There are 2 protein chains.
Amino acid sequence: MSAEETKKRILDAAERLFASQGFHNTSLRDITREARVNIASVNYHFGTREALVREVVLRRLVPVNRDRLRLLESLRHAASRGPDDISSRPTVREILVAFLEPSIKFISTEPAANDFVRIMGQGMADPDENIRKLFMEQVRPVFNTMAELLSMALPSIPRPVIHMRLHCFIGAFAHWMRLMGSDSLLSGTNMFPNSPEEVMKELLNFCEAGMEAPL
Amino acid sequence: MSAEETKKRILDAAERLFASQGFHNTSLRDITREARVNIASVNYHFGTREALVREVVLRRLVPVNRDRLRLLESLRHAASRGPDDISSRPTVREILVAFLEPSIKFISTEPAANDFVRIMGQGMADPDENIRKLFMEQVRPVFNTMAELLSMALPSIPRPVIHMRLHCFIGAFAHWMRLMGSDSLLSGTNMFPNSPEEVMKELLNFCEAGMEAPL
DNA sequence: GTCTATAGATTGATAGAC
DNA sequence: GTCTATCAATCTATAGAC
């Protein structure tokens, strides 16, 4: 088998298992059994378990965050033309959409998106500092840019409050990522099949209003 | 040493370590070393590791949720007097406060609250089904009651949308629980020392507006 | 109730044949 | 590149002396 094929099978298997069992409960043996490759091939292709985890995460996260940053930067660029011109200011909704739309695109394009979306949701809440850092390093520039743009969109709201509200958004988003494909908490009814687009629309309505809430 | 003293030392040590390292990365040896008791005493007092985890969680969660339900039921009782009387309807803010206030009380009363708050935040996102169930079983009746009351407070909003918005609230809340005592994601600046009361006030402002957002 | 000692299983990593 | 075999470390749980 080609090297690339083997690597891909390991990454795909690890992604599936991490999503359903978590990082810490999934052994290399679980992964190689699921991928139907030899146990030693992980070490050959990735070096260590940690390096494999890293590649599983970055393979998906890097392109999505690049899209997010590109959209956010174009909002900032439009705004910088006329900082005093209210009409050129980004709106709260535009900023949130710039974050959410790459997620939507990813979810509706990539068949394994459900798995990664759950990995993303739990990774941001992982107690293991190394795991959390892996996510945060990628996501931090996106959040910083969002905070700046939100300050422009909501000049009457102090920056610390912007940050706290952004955290509310992040928390709601991560929670929805975790729920995707799993059972609802509420009354045992599975709230899905709501399409990802529907979920995102509701998340957007909720968080837009929350961001603009009076002090 | 008395049995109760030993049990308490084990529970306290486990709570500290679960908060900082997570459930899955903390071994019984870590716990007994931190508690300064013998490794075999865990089995003697709790039976299995899983039973210990369960007691660590329930010791804190049960009384807080009892308070939440009591406050929510009193809102429902007041409303049931005059279902057509708008003035007797619970407000969104009252419902959210009924959920949040017992958390505040717990946080400002109990010295180890910070640890448990982080445990709570990660437990609701844990990929291990047993862990998640442990939390969900306790929290489910609270969420169901909240959904009912929110439907009364917001009669124009369809029940599925109420559920989705409640999930936004839950996600934001859990995220804040996780952040308590840890570093901020944003620009490396630690957003704390904001008091828990301040955090809750902002969470409340954000989520009240989100709940009442137009369709 | 507390302790030592250990059973029995599982883990990540690697050496070396092919 | 793939495989078998194995090492060294770690884990939970428990038997049995005190």
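Keep in mind that this is a model prediction, so the values were computed, not measured. Chain letters run A, B, ... following the sequence lines, proteins first and then strands; every chain starts at 1.
- Under the 6.0 Å cut-off for aromatic ring centres, His175(A) and His167(B) qualify, their centroids lying closer than that.
- Identified under the salt bridge (charged side-chain N to carboxylate O under 4.0 Å, His left out) test for residues 34-49 of chain A, with sequence neighbours left out: Arg16(A)-Glu34(A).
- Contacts of residues 41-49 of chain B with DNA chain D (heavy atom under 4.0 Å): Asn43(B), Thr48(B), Arg49(B).
- Take Asp67(A) and apply the salt bridge (charged side-chain N to carboxylate O under 4.0 Å, His left out) test, not counting sequence neighbours, and it matches Arg70(A), Lys105(A).
- Take Gln138(A) and apply the side-chain hydrogen bond (donor to acceptor under 3.5 Å, both in side chains) test, not counting sequence neighbours, and it matches no residue.
- Ile39(B) places its CD1 atom 15 Å from the P atom of dA15(D), with the value rounded to the nearest Å.
- Residues forming a side-chain hydrogen bond (donor to acceptor under 3.5 Å, both in side chains) with Arg59(A) (at least two apart in sequence, or on another chain): Asp12(A).
- Within residues 2-24 of chain B, the residues having any heavy atom under 4.0 Å from DNA chain C are, by residue number, Ala3(B), Thr6(B).
- Close approach of DNA chain C to chain A, defined as any atom under 4.0 Å from a non-hydrogen atom of the protein, starts and stops at dT11(C) to dT14(C).
- A search for side chain to side chain contact (heavy atoms under 4.5 Å, CB included) contacts involving Pro158(B) returns Pro160(B), Val161(B), Leu215(B), not counting sequence neighbours.
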Identify all side-chain donor-acceptor contacts of residues 201-213 of chain B below 3.5 Å with residues at least two apart in sequence or on another chain.
unit_1	atom_1	unit_2	atom_2	d
Asn205(B)	OD1	Arg93(B)	NH1	3.3
Asn205(B)	OD1	Arg93(B)	NH2	3.3
Glu208(B)	OE1	Arg93(B)	NH1	2.6

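- Screening residues 16-44 of chain A for ring-ring contact (aromatic ring centres under 6.0 Å, His included) gives Phe18(A)-Phe23(A) as the qualifying pairs, with residues at least two apart or on separate chains.
- Scanning for side chain to side chain contact (heavy atoms under 4.5 Å, CB included) contacts around Glu101(A) gives Leu71(A), Val97(A), with sequence neighbours left out.
- For Glu197(B), there are no salt bridge (charged side-chain N to carboxylate O under 4.0 Å, His left out) partners, not counting sequence neighbours.
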